[in-house]
Amino acid sequence: MAATTADTVIEVQGLEAWYGRRRILKGVDFSVRRGEIRVIMGGSGSGKSTLLRHLIGLNRPLAGTVNMLGIDLAHAGTEELLQLRRQIGVSFQGGALITSLDVEDNVSLPLREHTQLDENTVRIMARLKLEIVNLGGFQNLMPSQLSGGMIKRAALARAIVMDPKLLFFDEPSAGLDPVVSAELDELILKLRDALRMTIVVVTHELESAFRIADTITVLDHGDILVTGTVAEVRNSQNERVQDLLHRRPRDLVVDPDEYLKRLTEEDD
Amino acid sequence: MVSAALDRLGRRTVSTVAGFGYGAMVLVESLFFLVFGRARGQRVRWSAIAEQMRVVGIDAIPIVCLLSLTVGVMLAIQFIAALREFGAETGVIIAIAKSITREFGVLITGILIAGRSGSAFAARIGSMNVSQEVDALAVMGVDPVRYLAAPALAAMLVMMPCLTLLADVVAIVGSGLYAGPMLDMSLYNYLQQTLELIKPRDLLEGLGKSVVFAVLITLVGVCTGFSVQGGAEGVGRATTRAVVWSITAIILADMAFSFS
């Protein structure tokens with residue numbers, strides 16, 4: 001299996017996650033190869049955000065293993081985890097820019113914290129990344145002065161400032177107009193080609209998913225329905241995948257016993 | 001009924017113990033980063049500490065002066081009225097000097113800073129938590145405790161004793177403004193007598209308390225901030241809780257000091 005491990009950057013096996021008594025991830029197996037753009041797709045409540053939180057090490061797995069760039073997250077020490085985090089970049093759904101810092105300081109933050117570079121170099125590198133995401137000249141604005149699309153692009157610049165091997169992108173098109181969201185898709189493709197990153201995108205936007213993805217994983221109620229190329233997913237025979245692709249409302253089957261139990265049971 | 005009440009009691013107990021444990025962990029981690037961080041490439045920035053010192057300490061100077069002046073005058077009025085009944089007016093100076101340096105200077109400062117900075121810590125970290133900024137720091141490999149808690153703790157440890165000392169001086173001057181004329185003394189004489197009567201131990205007791213209060217206020221504020229859940233309303237609740245609990249904590253600690 002040596003050949004596959006060299007090529008696989010994310011390897012998840014039997015991952016379980018619970019919120020209280022709700023089972024969010026039901027033994028998920030998941031792997032991503034070097035250099036691909038993987039889109040994790042699924043409706044609201046499918047567990048895709050929870051899976052992402054496990055991948056970036058914000059949640060520790062209760063059961064199962066998460067292996068990133070050869071580091072087992074469940075058993076990683078502080079030093080190993082820190083090393084891993086220098087090699088991954090995350091762009092959060094709401095941007096999560098530090099509100100008290102301007103755009104340039106936000107982008108420079110990882111450089112200042114992890115490197116010994118002098119201020120001039122830090123400034124130039126930060127501005128370079130801002131140019132890549134088409135935010136050149138906006139470095140002195142505060143996050144509150146930016147539009148939704150600009151916040152996402154600034155967050156992306158911060159995520160790539162350390163030239164990570166792995167980039168995670170949570171809902172790139174949520175809350176953006178179609179043009180800006182299309183621009184962001186182009187940007188993601190450009191990044192992969194120019195900087196040779198492996199990119200994992202979590203989204204529920206079909207159009208954007210099909211445009212950028214090499215491979216797609218469809219998640220539903222904590223199960224992986226299908227993983228494959230765009231064509232394979234489009235032609236999947238799975239009914240729930242087709243529901244998602246054709247925006248059909250789900251036929252929710254109501255189990256009478258479960259239903260009564262939910263209505264009558266006391267809170268704990 | 002009984003089992004539900006027991007259940008609640010048990011859950012509360014567990015969460016309280018967990019809260020204390022979390023506070024202790026944040027304290028130990030902050031101190032660790034402050035002392036060893038630099039050597040391990042995980043330094044706490046001087047600029048962050050200086051900024052916090054300004055917000056926590058320098059900006060609080062006017063209000064600390066105002067309140068301690070008022071408390072000084074008030075104490076002088078009360079002590080003179082009370083001791084005059086026994087014809088013990090000469091004891092007024094030492095009574096005021098000791099009660100201010102041992103008790104009131106630090107307590108007024110503590111309550112003020114709890115209301116000002118404890119709530120600010122909780123609100124700032126809480127809203128950062130809600131907008132995923134704390135998560136973002138963590139995935140960037142910037143420990144949120146190092147980046148947010150350690151500078152606040154360092155600044156509080158320096159500024160609380162300074163503010164307490166300032167409050168002592170201003171409160172004693174305030175008391176002198178009223179008590180001096182009442183005792184037929186000039187303010188200069190009053191202050192000179194006060195200086196002769198205060199022992200280093202009195203000042204040290206106040207300063208020792210101020211260090212403990214600094215730790216309590218910071219930890220309560222920071223920990224409630226980190227544990228915020230549920231959006232803007234959660235931030236509001238956390239801010240209130242931070243003020244109430246940090247004032248409670250410093251008053252309880254003050255009582256413990258008085259016993260020992």
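All values reported here derive from a predicted model rather than from experimental measurement. Proteins come first, then strands; the chains are lettered A, B, ... in the order of their sequence lines, and each starts at number 1.
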A.B. asks: What option among A/I56, A/L109, A/L58 has the most heavy-atom pairs under 4.5 Å with chain B?
C.D. replies: A/L58
A.B. asks: Any residues in residues 125-145 of chain B near chain A, with a heavy-atom distance under 4.5 Å, and which are they?
C.D. replies: B/M128, B/S131, B/Q132, B/E133, B/D135, B/A136, B/L137, B/A138, B/V139, B/M140, B/G141, B/V142
A.B. asks: Do the side-chain N and O atoms of A/D118 and A/T121 include a donor-acceptor pair separated by under 3.5 angstrom?
C.D. replies: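 A/D118 vs A/T121: donor-acceptor pair found between side chains.
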A.B. asks: Between the side chain of B/R146 and the main-chain N/O of B/R43, is any donor-acceptor distance below 3.5 Å?
C.D. replies: yes
A.B. asks: Counting heavy-atom pairs under 4.5 Å to chain B, which of A/L84, A/T78, A/T99 comes out on top?
C.D. replies: A/T99
A.B. asks: By a 4.5 Å heavy-atom criterion (distance strictly below it), what part of A/R112 contacts chain B: side chain, backbone, both, or neither?
C.D. replies: both
A.B. asks: Counting only heavy atoms not in A/R196, do more than 12 fall under 6.0 Å of its CZ?
C.D. replies: no
A.B. asks: Please give me the minimum heavy-atom distance between A/V66 and A/P61, naming the atom from each residue.
C.D. replies: CG2-CG, 4.2 Å
A.B. asks: What part of A/I98 gets within 4.5 angstrom of chain B, counting heavy atoms only: side chain, backbone, both, or neither?
C.D. replies: both
A.B. asks: Is it the case that the side chain of A/T198 and the backbone of A/G35 share a donor-acceptor pair, with hydrogens and angles ignored and the cut-off at 3.5 Å?
C.D. replies: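 Flag set: sc A/T198 to bb A/G35 pair under 3.5 Å.
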A.B. asks: Is chain A contacted by the side chain of B/R8, its backbone, both, or neither, given a heavy-atom distance below 4.5 Å?
C.D. replies: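 Neither part.
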A.B. asks: With sequence neighbours excluded, give me every side-chain hydrogen bond (donor to acceptor under 3.5 Å, both in side chains) pair touching residues 105-119 of chain B.
C.D. replies: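 Every candidate side-chain hydrogen bond (donor to acceptor under 3.5 Å, both in side chains) pair involving residues 105-119 of chain B fails, so no pair, neighbours aside, qualifies.
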A.B. asks: Is the backbone N or O of A/E205 less than 3.5 Å from a side-chain atom of A/T203, with the two atoms forming a donor-acceptor pair by type?
C.D. replies: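 Side chain of A/T203 to backbone of A/E205, a donor-acceptor pair under 3.5 Å: yes, one is there.
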A.B. asks: Would you say that more than 12 heavy atoms from the other residues, nucleotides or ligands in this model lie under 6.0 Å from the CD of A/E80, or not?
C.D. replies: yes
